[in-house]
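In what follows, a single structure is set out as structure tokens and then discussed.
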Amino acid sequence: MNIIITKNYQELSKKAANIFLNQLALKPDSVFGLATGSTPLGMYAEIIKRFKNHTYDFSRVKTFNLDEYYGLKKNNPQSYYYFMQENFFKQVNFKDKNINFLNGMASNPQKECADYEAKIKRNPIDLQILGIGANGHIGFNEPGSKLNSKSRLIDLDKKTIEDNSKFFSSKGEVPTRALTIGIGTILSAKKILLLASGKNKAEAVRGMVEKQSSAKCPASFLQKHNDVIVIADQEATSMLKKKYKSQNNFEDIIYNENNISIKRH
Ligand code: PGA
């Protein structure tokens, strides 16, 4: 794992946008795995800002989102589909047909998940964006999720319901189930970028990076992948015991705001 520790959330978002746009520059028809939640919002905002000032083209990009609440329609403002439309998709030039989402209203969730899994297999994810739950979840792979798990319907953890209630007017409104891609699906991505910000993520970040990988902290299974970048701010890394020197060996490409130059070491 490459750990990049940033001063604050703003710096985290800029660095994440660099990596995202580098991937786009390298491969204009990249497949991105995308995440919702408050953490990637700054990265999306930064990408949108740069899209407005420069010539980026997302028309050949394909996206697969990680998860969706079960029982919410796409047009429900609390759905993850709606979140992505408002905070990212509508604001750059994605093509609708290239956007893939688990359908939270699927009458046969098992088939929905199997179809999604098969589609990801046909379109392998080049860069998977992840947040991390305070309980160590990635996507909605709650504690107890297995290393080789695939897309499925899952009961949400109490902690997740509590944490996500910040987006709802009351805790009782938070759906109790969701569709999520699995840990195995996430690990099949070529490259993974996980973002973590704030004190309430410090324990999960420690479990992910320094503890033995186990289902207690699903993010710890990322230790098994050979191309993971974690960008986390000082608060989120405040419980790490070892010293981390940012390794820049992933920075094959040096991003520059005005043009993209490719520098190989
Ligand atoms: P957050 O959620 O970005 O809203 O903190 C992260 C997650 O649950 O994966």
Starting at CG of L66, measure out to OG1 of T185 and round the result to the nearest 0.5 Å. 9.5 Å

Side-chain contact test, heavy atoms from C-beta onward, threshold under 4.5 Å: evaluate it for I19 versus I229 and give yes or no. yes

Trace of the side-chain contact (heavy atoms from CB on, under 4.5 Å) decision for L179 with C113: CA-CA 8 Å; L179 300 178; C113 290; 4.0 Å; yes

Are any side-chain N or O atoms of N93 and backbone N or O atoms of F58, one a donor and one an acceptor, separated by less than 3.5 Å? yes

Close side-chain approach of V92 and I48, heavy atoms under 4.5 Å: yes

Compare every heavy atom of I183 with every heavy atom of S149, then report the nearest pair and how far apart it is. OG-N, 3.0 Å

Which atom names give the shortest non-hydrogen contact between K150 and G184, and what distance separates them? NZ-C, 4.1 Å

Please check this pair: side chain of E68 against backbone of Y80, looking for a donor-acceptor N/O pair closer than 3.5 Å. yes

Closest heavy-atom pair and its distance - P124, K190: CB-CE, 4.3 Å

Applying side-chain contact (heavy atoms from CB on, under 4.5 Å) to L41 and not counting sequence neighbours gives Y9, F83, N87

Counterpart residues, salt bridge (Lys or Arg N to Asp or Glu O under 4.0 Å), relative to K242 (two or more places apart): none

Could you tell me whether E203 atom CD has more than 12 heavy atoms of other residues or ligands within 6.0 Å of it? no

Report yes if the side chains of R122 and K119 come closer than 4.5 Å at any heavy-atom pair, otherwise no. yes

Pair listing, ring-ring contact (aromatic ring centres under 6.0 Å, His included) test, anchored in residues 151-190, at least two apart: Y69-F168

Side chain to side chain, H137 and T180, heavy atoms closer than 4.5 Å: no

Q10 atom CD, neighbour heavy-atom count above 12 within 6.0 Å: no

Does M239 belong to the same Ile/Leu/Val/Met/Phe/Trp/Tyr cluster as I231, with side-chain heavy atoms less than 4.5 Å apart forming each link? no

Just checking F101 against F64, ring centres under 6.0 Å apart? no

Near K7 NZ, under 6.0 Å, is it more than 12 heavy atoms from other residues, nucleotides or ligands? no

Answer yes or no: is there a donor N or O on one side and an acceptor on the other, between the side chain of Y70 and the main chain of A106, under 3.5 Å? yes

Report yes if the distance between the aromatic ring centroids of F88 and F94 is under 6.0 Å, otherwise no. yes

The test is side-chain contact (heavy atoms from CB on, under 4.5 Å); show your working for Y81 and L102 and say whether it passes. CA-CA 9 Å; Y81 180 84; L102 283 157; over 6 Å; no

With a 4.5 Å heavy-atom cut-off, do N98 and V61 have their side chains touching? no

Nearest heavy-atom pair of G198 and E235: which atoms, and what distance? CA-OE1, 3.5 Å

Step-by-step side-chain contact (heavy atoms from CB on, under 4.5 Å) determination, R177 to L156: CA-CA 5 Å; R177 293 193 292 173; L156 295 179; 5.7 Å; no

Shared ILVMFWY cluster between M84 and Y82, side chains joined below 4.5 angstrom? no

May I ask you to say whether K159 pairs ionically with D163, meaning some side-chain N is under 4.0 Å from a carboxylate O? yes

With sequence neighbours excluded, residues passing salt bridge (Lys or Arg N to Asp or Glu O under 4.0 Å) with E162: none

Can any side-chain N or O of Q91 pair as donor or acceptor with the backbone N or O of E86 at less than 3.5 Å? yes

R50 versus K14: any side-chain heavy-atom pair under 4.5 Å? yes

One pair to check against side-chain contact (heavy atoms from CB on, under 4.5 Å): T63 and F89. What are the steps and the verdict? CA-CA 10 Å; T63 68; F89 295 150; 3.9 Å; yes

Identify the two heavy atoms, one from N141 and one from I181, that lie closest to each other, and give their separation to 0.1 Å. ND2-O, 2.9 Å

Any donor-acceptor N/O pair, S213 side chain to F221 backbone, under 3.5 Å: no

How about N100 and N65: do any of their side-chain heavy atoms sit closer than 4.5 Å? no

Any residue meeting side-chain contact (heavy atoms from CB on, under 4.5 Å) with N108, in chain and number order, not counting sequence neighbours: Q110, K111

Working note: S238 + Q234, criterion side chain to side chain donor-acceptor pair (under 3.5 Å); need CA distance, chi angles, decisive distance, verdict. CA-CA 6 Å; S238 56; Q234 279 171 0; over 6 Å; no

Please list all pairs passing the side-chain hydrogen bond (donor to acceptor under 3.5 Å, both in side chains) test where one or both residues lie in residues 27-37, with sequence neighbours left out. Q23-S30, K27-D126

State, to 0.1 Å, how close S145 and A215 come at their nearest heavy-atom pair, and which atoms those are. O-CB, 3.4 Å

How about V31 and I120: do any of their side-chain heavy atoms sit closer than 4.5 Å? no

